[in-house]
Structure formats: C-alpha cells, structure tokens
Amino acid sequence: MDVCVQPGLVPVHEAIVRMLGELAPIAATEIIALHDSLDRVLAEPVVAPINVPGADNSAMDGYALRKQDCNDALTLIGESFAGHPFTGELRAGQAVRIMTGALVPAGADTVVMQENVTRHEQHIRIHQVPELGENIRRVGEDIAQHMQVLAQGQRVTALDIGLLASLGIAQVSVVQRVKIALLTTGDELLAPGTTYQAGKIYDSNRPLLQALLTRMPVEVLDLGIVPDNPAALRAAFTHAREFADLVISTGGVSVGDADYTKDILAELGEINFWKIAMKPGKPFAFGVLGNNARAQQCWFCGLPGNPVSTAVTYHQLVVPALRFLAGEAPGDAPVITAIAAHPLKKQPGRMDFQRGIFSGVNGVNSVASAGIQSSGVLSSMSKANCYIRLPAERGHIAAGETVDVILFDQFIR
Ligand code: AMP
Ligand code: MG
C-alpha cells in the first residue's frame with residue numbers, strides 16, 4: 001500500500017483495478033489477413049500446422065557427407081540447392097555439394113562448410129573434421145508441429161507476423177477493434193492549420209491522442225473540438241455514445257466554472273470521478289455512458305486538459321483500460337532502474353511521473369530531468385524519452401539515488 005497518499009486521492013494502481021473491475025472486454029472477433037494484423041489482439045491461440053524447418057537442411061554453403069568419411073578424399077555425386085534437392089542417396093566415400101537452406105540428402109549426417117574444404121574437380125578433401133551433425137538445421141528445431149506459438153490475448157508484432165508467415169499462415173482470428181470516439185473541449189481551442197487568434201491556443205491534445213492511438217487496436221471517430229457549453233457537450237457525447245465502446249475526452253474535468261464535461265457525463269451516464277494521487281494528471285473521470293448502437297456498454301475516460309496531463313493519464317490510466325477492453329493479456333510496461341543524474345524535486349503525497357532523459361552508456365543507467373515539469377509544458381515532454389516514476393511517499397531525490405524509469409515506446413521502434 002502507498003503510505004503518505006493525500007487523503008481523498010485514489011492511488012494510480014487502485015484506479016486501474018477499479019476500472020478493470022467494471023469494464024468488459026470486447027467479445028466480437030473477426031478473421032483478417034496476416035498482413036493487416038499488426039497491433040491486433042489474437043482471439044485464439046495459434047498452433048503450428050507444420051514443422052519449421054519442414055526437413056533437415058543445411059545452415060551453410062558446403063558439402064553434405066558422412067562424418068565417419070571425413071579423413072578420406074570424397075567423390076562428389078551431385079548437388080542440393082534450396083528448392084532443388086538432391087534426390088539420390090549418399091553412400092560411403094561420397095559427398096554432395098549443398099547450399100544454405102537446401103535439403104540434406106538421405107545418407108548424409110553432417111555438412112562441412114566450403115571454407116574447410118579443398119576441391120579438385122569431382123573430389124574434395126576436408127581440412128577440419130566437423131562434429132557429427134554440424135551445420136544441419138533439424139526438422140522442427142524452430143517450431144514443432146502442433147506446438148502453440150502465440151497465445152490468445154497477445155498483441156501481434158512485426159516479428160509475430162514473420163513467425164506466422166513461416167508457418168504458412170495467411171489469416172488470423174483477432175478481437176474486433178475497440179471503437180473510440182475522441183473529442184477535446186474548450187472555447188479557447190483552435191484547430192492547427194487555422195489562423196492564430198489572440199487569447200486562444202491550438203488544440204494539441206487531439207493530434208497527440210490520435211497519434212498515440214494509432215499504435216492501439218482501435219478505430220477512432222474524431223469528433224473534433226467541442227465548445228464549453230452544456231448543449232454542445234451533450235450533443236457531442238450523445239453522438240459519441242452511438243459509435244463508441246470508449247469515449248475519450250480532454251478538458252473540463254477540473255473545478256473551473258466552465259468545466260461542464262463531468263456534469264454532462266453524470267447526466268448521461270454513471271460517472272466515477274476521481275482525483276488520482278498522481279502528478280501530473282490529478283482529475284480523471286471514468287464511467288459508463290449507457291449503451292451504444294450495438295447494444296454494448298459505452299465507457300468513457302475524461303482526461304484533464306493540460307497536454308502533459310493528457311499524455312500521462314493516457315499512458316498510465318487509459319492504456320491499461322484500453323488493453324483490457326481490447327482483450328489483451330495483462331502486462332505492464334517494463335520498469336528499469338537508473339541513477340538520478342542530479343537532484344529531483346518531489347513532494348510526498350502523489351506518485352510523480354516526471355519526464356526524463358534516460359541514457360544507458362557503458363552499463364550505467366542514468367536519468368536526468370527533461371526540463372520544466374509543469375503540466376502545461378509539452379516541450380520538455382517532447383525532449384524526454386522516459387517517465388521517472390517516483391512513488392507517492394518519496395520526497396526530494398538526491399543526485400545518485402536510484403529511481404524507477406519507464407521508457408517511452410518510440411525508443412524501440
Ligand atoms: P481544463 O482541464 O479544461 O481546465 O484545461 C486545463 C488547461 O489545459 C487549460 O490551460 C487549457 O487551455 C488547456 N487545454 C485544454 N484542452 C487543451 C487542448 N486540447 N490542447 C491544449 N491545451 C488544452
Ligand atoms: Mg477547459
């Protein structure tokens with residue numbers, strides 16, 4: 001349990017547990033082409049229909065032979081190319097020229113790489129006697145037929161696509177995409193690309209969330225900027241609910257006079273409004289908006305308006321909820337430790353997600369602050385490559401202390 005959490009604030013992990021306790025994963029599945037399956041969630045385990053490799057084959061360009069004959073001169077009796085195997089059987093004193101990926105001929109038990117052989121016309125001599133079975137890739141050594149290669153609930157990666165292709169699989173069964181309706185709220189917001197007006201700001205949250213969501217198994221309906229006015233918000237959320245499994249909005253969830261979002265959500269659905277023990281990103285609204293057009297429950301996550309708070313609450317709260325909705329198996333982002341390169345300011349009471357610059361050079365993990373830590377300052381977040389996650393109870397961090405780091409995902413692309 002967190003100690004030192006400010007009274008009335010919900011710890012981050014508790015907010016996640018409470019959300020997952022209410023959400024129901026999407027049950028509908030579909031069969032799609034393998035090449036469309038990147039980042040989709042598998043609805044069923046995948047079992048290997050064949051052995052990979054399908055037969056013993058050569059790992060090198062060289063000569064296939066019997067290990068026991070290696071001390072003698074050998075006679076070449078043919079060739080085995082990838083896709084064009086040697087069809088005869090090799091006997092004592094014989095060798096077959098063989099290429100990488102070509103089938104090992106019957107009778108051969110070893111492949112000698114060509115660098116270790118001298119050839120004179122149809123005869124070879126071996127300089128370096130190989131181990132028995134050397135340079136042979138065995139049938140089923142990568143994947144044995146009937147073995148489970150991927151589990152239900154796994155999100156398909158590029159490497160998984162390669163793996164499934166190696167099994168001859170061209171279609172996969174996946175959970176249907178989560179339908180998201182996205183909107184930002186605020187009378188001050190201008191769409192990027194429109195003329196700047198004094199007193200207004202450009203809407204950074206929607207492009208930011210759209211970009212983050214491209215990595216998720218979702219389909220996004222963009223409802224644009226909604227003004228701070230109850231009728232407009234009511235109309236937008238009513239429209240969003242028709243389409244969506246999950247509505248994501250930003251702004252209007254704090255305590256200002258124009259913060260209507262949570263009132264409208266409470267009017268249309270059932271709202272859990274929490275002040276989360278995290279910094280940035282304290283106010284967060286979660287709940288159900290009623291049923292969508294498919295008679296499924298439509299959920300919502302109301303994120304705070306400051307762009308850094310939007311990004312942090314998206315990563316820490318919306319992503320776990322979305323993974324669960326999408327049928328993905330549970331799994332947290334890996335946490336690594338690093339040495340604070342300099343002191344970090346921290347008040348006890350909330351879990352901090354400071355934006356940092358991590359470096360792992362010569363085996364030393366260290367992390368520095370990415371700059372101004374205010375929740376309105378997106379420039380330092382754009383410079384950052386990680387969160388420095390500091391538990392609620394911790395106070396100021398001295399240089400050289402160990403801290404937890406969670407790398408942003410673009411780090412390994
Ligand atoms: P709010 O949560 O609506 O009170 O907004 C908090 C702060 O975030 C205010 O300074 C807003 O102007 C700003 N903000 C709200 N929405 C956005 C947005 N979509 N893009 C950039 N800044 C925003
Ligand atoms: Mg606002």
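Note that ligands are numbered from 1 as they come in the structure, with each ligand's atoms numbered from 1 the same way. We number each residue from 1, following the sequence as shown.
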Q. Closest approach of Pro280 and Val308, non-hydrogen atoms and distance?
A. CG-CG1, 3.8 Å
**Q.** Gln316 and Arg389: side chain donor to acceptor below 3.5 Å
**A.** no
Q) Side-chain donor-acceptor pair under 3.5 Å between Gln210 and Thr214, yes or no? A) no
Q. Relative to each other, are the rings of Phe408 and Tyr387 parallel, tilted or perpendicular (30° and 60° limits)?
A.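 Perpendicular.
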Q) Can you list the residues that meet the salt bridge (charged side-chain N to carboxylate O under 4.0 Å, His left out) rule with Asp109, with sequence neighbours excluded? A)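 Partners of Asp109 by the salt bridge (charged side-chain N to carboxylate O under 4.0 Å, His left out) criterion come out as none, since no residue qualifies.
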Q. Under 4.0 Å between a Lys/Arg side-chain N and an Asp/Glu carboxylate O for Glu30 and Arg40?
A. yes
Q) Name the residues with a heavy atom less than 4.0 Å from ligand 1? A)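 Near ligand 1, by chain and number: Thr184, Thr185, Glu188, Leu189, Ile201, Tyr202, Asp203, Ser204, Asn205, Thr250, Gly251, Gly252, Ser254, Asp259, Gly305, Asn306, Pro307.
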